[in-house]
Colleague: 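After the structure tokens below, expect a handful of questions from me.
Please read these numbers as outputs of a predicted model, since none were measured by experiment. The sequence lines fix the lettering, A, B, ..., with proteins before strands; numbering per chain opens at 1.
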Amino acid sequence: PPPKIYILYHSRVPYAALCKTFERVEAITKRIEILELTTNLFRTVIELTPDSLLETLYLCINRLCPDYEGLELGIGESLLLKAIAESTGRSMAQIKADYKDSGDLGTVAKVLAFLKDGIEYDFLNSRSAQKTLFAAKPLTVPQVFSTLKEIAQITGTSVGVLRWGFIRVYRSQAKKMGKIKGLLVACRENEAKYLIRSLEGKLRVGLAEKTVLSALAHAVVLTRPAQVEEELAKAVGIVSYWLFFPAIEFNEQPHSELPCYNLIVPALLKDSIDKLKEVCKMTPGIPLKPMLAHPTKQLSEILDRFEGHTFTCEYKYDGERAQIHRLEDGRMTVYSRNSENMSNKYPDIMEKLGSVGVWFFMWVKTGTTSFVIDCEAVAWDHEKKSILPFQVLSTRKRKDVKEEEITVQVCVFAFDCLYLNGESLLHKPFAMRRQLLHDSFQEIEGQFAFARFQDTSNIEDIQTFLETSIQENCEGLMVKMYDGDESSYEPSKRSRNWLKVKKDYLKGIGDSLDLVVIGAFYGRGKRTSVYGAYLLACYNPDREEYQTITKIGTGFSEQALQQHYGFFKDHVIDCPKRYYVFGEGTKPDVWLEPVQVWEVLAADLSISPKYQAAVGHVSVGRLLVDSAKGISLRFPRFIRIRDDKKPEEATSSEQVAEFYQRQANNEQSNGNGGVDDEFDY
DNA sequence: AATGGCTGCCC
DNA sequence: ATTCTGC
DNA sequence: GCAGAATGGGCAGCCATT
């Protein structure tokens, strides 16, 4: 149907219009209706106030700018709680209690009465509030957006010396808080709710980037600025998803190749649709959203998926995704998985890749000018010539890194080439991209390597290759479509053309532990009114203690969440048992009696600064483990209740220590395992 | 100058 | 990251 | 199968406090 116009003619989009859409979207779950509502919002904006389209869109996806510009609000839950408390004149305790009950900070801000000039205004009762409270002008989308941006730009503590020697301290947190409060008092009806959620960084209305992008495409097809195409509007009186399909397609390519709304939106408004594809082309220097892989539960899934196709297996390295760009003019950038600019973290990579010198030491072969390559940066032990764990990589400094001061060396494992010498390779088959990658770069030991691969279609070979990858400190395998149309590079897609196989996905392998539930955390959002996460412990029979090991918050079906809540609410205790061993920073919202054992799966064990499992038993060369550190789990998830086990029969501290030791031994001894044939493919 | 809490970003 | 769920 | 929303450990860096 034609847009329901609830925006009157304004020079700017009222923030209320946006919030109204959010409210409607939040109330429904049907995807097509959500799409329709969002499309109508954008159509209205295009028609009435096209200059606000970009800001409207950014507020819909809850971002301030393209990811690679790296501007962040720097506001979290604590600051918001404080801001809400101060704005409402209520105590933190009250705010926290409300938060617990509603599971939504937005609701907390919306429901509470605001105190202003000694008069209490009730936001729910808009009639009584209207007269006085609404003295402030209604918020507009550009205004809210620019204030959010200002908040993000506030930084640092500065000390200014005023006349007569008075010292004034500007605190960035206080300034941010001031801006938030300023917005809050101007909010009406539901605006505070969505404003707070924007500040939290999660809109949680069931509308996120993919749908917003699709809605944008629909809107610009149906509505051109200043010339509503009535006929077209009538034609879609019957809502059919497939009628819109061309619109989706036409916008998807531009966005996947040039994921920057600052560039796309003006082009959408100005240019014809045909021209858009020309304007929005892959551009070195602007990061692509990396292609992602589907998890695989069994090796047989690989054969099912790739039956009748050629595919190839690669090691899955446990490091940090690095999309490396080099432009013709020599400028270079390293981007992370989430398109953050990591160039300052990797001066060593920049130096090596950018350098001209003796060909023997260069990663880039002569003749290779511009490129975009997809890689994994992995911590590297130069003495042992082996891969170090992710936890080591994560200790690398991130800002203003000087090459001389680098403590954690990195080896870059390249596995794809998306752009080469002025030409996009996104639509080329993977076989060709890999060939070009190998033709254009060369391996330098301990610095740059190609991801190890094996082309095979035999399940036993895959099994063996998987085991070898794990021996060599990798996470497992990536299995990729090798040839044909389906092997192209699909930015931002979790494509079925790439599968990942990790040992912990496979049934019966991986670290499974039986742990005791000793605490719980209130759920939020769709987990309001049940516990959203739990605190788990292992058992130390010698000391008769339960030692905390991890929180857990995934793997539960909705039914399981209900069931657990129902069960544990009768086992809540006022304070922790004296035989609970826990760190100050890991206290749950409620403590529980030790009455149930859960089977839990994890990818790895880690040295923990917070948890206490096997404390005093942890020793490994590289990670300086002091006696106060315990063990925790990487990627913990709930598998099932172990009703057959009593709490005292849970995995013991000693076993936890053993698991860790085994893992560490593997990391230390097998680094070199069977790699003397490094160039043997 | 040291410490600890908060935040954002890796996985 | 992993996992679950409505469409 | 997609898109969205729940939730995990742990690191550096920033800021406020002491």
Colleague: Just to be sure I understand the rule, does G201(A) reach a base, reach only the sugar-phosphate, or reach nothing, if contact means heavy atoms closer than 4.0 Å?
Modeller: nothing

Colleague: Whole angstrom is fine here: how far is it from NZ in K176(A) over to P in dC6(B)?
Modeller: 15 Å

Colleague: So if I take every side-chain heavy atom of T554(A) and compare against dC7(C), dT2(C), dA5(D), which nucleotide ends up nearest?
Modeller: dT2(C)

Colleague: Mind checking P295(A) for me? I need base, sugar-phosphate or nothing, with any heavy atom below 4.0 Å counting as a touch.
Modeller: nothing

Colleague: Consider the side chain of F390(A), meaning its heavy atoms from C-beta on, and name the nucleotide among dG10(D), dG6(C), dC11(B) that approaches it most closely.
Modeller: dC11(B)

Colleague: Verify, without hydrogens or angle tests, whether T39(A) (side chain) and L35(A) (backbone) share a donor-acceptor contact under 3.5 angstrom.
Modeller: yes

Colleague: Would you mind classifying the nucleic acid contact of V205(A) as base, sugar-phosphate or nothing, using non-hydrogen atoms under 4.0 angstrom?
Modeller: sugar-phosphate

Colleague: What is the distance, to the nearest angstrom, from the CG atom on L605(A) to the C1' atom on dG8(D)?
Modeller: 14 Å

Colleague: Reading DNA chain C from 5' onward, which residue's closest nucleotide shows up sooner: E558(A) or P636(A)?
Modeller: P636(A)

Colleague: With respect to the side chain of R496(A), which nucleotide from dA16(D), dA6(D), dG1(D) is positioned closest?
Modeller: dG1(D)

Colleague: Can you tell me if R637(A) touches the phosphate of dT3(C), counting only side-chain N or O atoms and a distance under 4.0 Å to OP1 or OP2?
Modeller: yes

Colleague: Would you mind classifying the nucleic acid contact of I75(A) as base, sugar-phosphate or nothing, using non-hydrogen atoms under 4.0 angstrom?
Modeller: sugar-phosphate

Colleague: Taking atom C1' of dC4(C) as reference, at what distance in whole Å does atom CZ of R494(A) sit?
Modeller: 14 Å

Colleague: If you check every side-chain atom of Q173(A), which of dC15(D), dA12(D), dC7(C) has the closest atom?
Modeller: dC15(D)

Colleague: With heavy atoms under 4.0 Å as the rule, sort L79(A) into base, sugar-phosphate or nothing.
Modeller: sugar-phosphate

Colleague: Check the orientation of W598(A) and F638(A). Use parallel for under 30°, tilted for 30 to 60°, and perpendicular for over 60°.
Modeller: perpendicular

Colleague: Have a look at K502(A) and say if it touches a base, only the backbone sugar-phosphate, or nothing, with a 4.0 Å heavy-atom cut-off.
Modeller: sugar-phosphate

Colleague: Whether R31(A) contacts dG4(D) is assessed here as follows: a side-chain N or O lying under 4.0 Å from the phosphate OP1 or OP2. Is that the case?
Modeller: yes

Colleague: Could you state the CD1-C1' distance from I552(A) to dA6(D), rounded to the nearest angstrom?
Modeller: 13 Å

Colleague: Strictly below 4.0 Å: does S336(A) bring a side-chain N or O up to OP1 or OP2 of dC9(B)?
Modeller: no

Colleague: Establish, with yes or no, whether the OP1 or OP2 oxygen of dG13(D) is under 4.0 angstrom from a side-chain nitrogen or oxygen of K399(A).
Modeller: no

Colleague: The side chain of E72(A) is closest to which nucleotide in this list: dG8(D), dG13(D), dG8(B)?
Modeller: dG8(B)

Colleague: Closer than 4.0 Å, any side-chain N/O of T395(A) to the OP1 or OP2 of dC11(D)?
Modeller: no

Colleague: For Y565(A), run the ring pair (Phe, Tyr, Trp, His ring centres under 6.0 Å) check against Y534(A), F556(A), Y531(A) and tell me which one passes.
Modeller: Y531(A)

Colleague: With a cut-off of less than 4.0 Å, is there a side-chain N or O of R524(A) near OP1 or OP2 of dA5(D)?
Modeller: no

Colleague: Does L292(A) or F556(A) map to a spot on DNA chain C nearer the 5' end, using the closest nucleotide for each?
Modeller: L292(A)

Colleague: Tell me which one of D104(A), N62(A), T107(A) satisfies side chain to side chain donor-acceptor pair (under 3.5 Å) with R197(A).
Modeller: D104(A)

Colleague: When you measure from the side chain of H309(A) to the backbone of E307(A), do you find a donor-acceptor pair of N or O atoms at a distance under 3.5 Å?
Modeller: yes

Colleague: State which of dC9(B), dC11(B), dG8(D) makes the closest approach to the side chain of D318(A).
Modeller: dC11(B)

Colleague: Output the rounded distance in Å from CD (E200(A)) to P (dG8(B)).
Modeller: 11 Å

Colleague: Checking side chain to side chain contact (heavy atoms under 4.5 Å, CB included) between V517(A) and each of L536(A), I552(A), I641(A), which is the one that passes?
Modeller: L536(A)

Colleague: How would you label the contact of F521(A) with the nucleic acid (heavy atoms, under 4.0 Å): base, sugar-phosphate, or nothing?
Modeller: nothing

Colleague: dG9(D), OP1 or OP2 - any side-chain N/O from Q391(A) closer than 4.0 Å?
Modeller: no

Colleague: Touch check for S394(A), heavy atoms < 4.0 angstrom, all strands: base, sugar-phosphate only, or nothing?
Modeller: sugar-phosphate

Colleague: Can you tell me which nucleotide in dT2(C), dC7(C), dG10(D) comes closest to the side chain of K500(A)?
Modeller: dT2(C)

Colleague: I'd like to know if the side chain of Q323(A) reaches the main chain of L288(A), judged simply by a donor and an acceptor atom lying under 3.5 Å from each other, with no hydrogens or angles considered.
Modeller: yes

Colleague: Quick one: is T29(A) getting a side-chain N or O under 4.0 Å of the dC7(C) phosphate, OP1 or OP2?
Modeller: yes

Colleague: Output the single nucleotide from dC9(B), dC11(B), dA6(D) whose closest atom is nearest the side chain of R321(A).
Modeller: dC11(B)

Colleague: Is the shortest side-chain N/O distance from S557(A) to OP1 or OP2 of dT3(C) below 4.0 Å?
Modeller: no

Colleague: Take the protein atom CD1 of I607(A) and the nucleotide atom P of dG10(D), then report the distance between them rounded to whole Å.
Modeller: 9 Å

Colleague: Atom CD1 of I549(A) and atom C1' of dG8(D): how far apart are they, to the nearest Å?
Modeller: 13 Å

Colleague: Base, sugar-phosphate or nothing for F638(A)? Non-hydrogen atoms, less than 4.0 Å.
Modeller: nothing

Colleague: Regarding R31(A) and T211(A), is there a side-chain donor-to-acceptor distance under 3.5 Å anywhere?
Modeller: yes

Colleague: For DNA chain B, whose closest nucleotide is more 5', that of E584(A) or that of A322(A)?
Modeller: E584(A)

Colleague: NE2 of H294(A) versus C1' of dC2(D): gap in Å, rounded?
Modeller: 8 Å

Colleague: Report yes or no: does T651(A) contribute a side-chain atom to a donor-acceptor pair with the main-chain N or O of D514(A) at less than 3.5 Å?
Modeller: yes

Colleague: Assign R398(A) to base, sugar-phosphate, or nothing according to its heavy-atom contacts below 4.0 angstrom with the strands shown.
Modeller: base

Colleague: According to a strict under-4.0 Å criterion, is T211(A) in side-chain N/O contact with OP1 or OP2 of dA3(D)?
Modeller: no

Colleague: Of the nucleotides dG9(D), dA16(D), dT7(D), which has the atom closest to the K610(A) side chain?
Modeller: dG9(D)

Colleague: Would you indicate what K210(A) reaches in the nucleic acid, counting non-hydrogen atoms under 4.0 angstrom: base, sugar-phosphate, or nothing?
Modeller: sugar-phosphate

Colleague: Look at the side-chain N and O atoms of S78(A) and state whether any lies under 4.0 Å from the OP1 or OP2 oxygen of dT7(B).
Modeller: yes

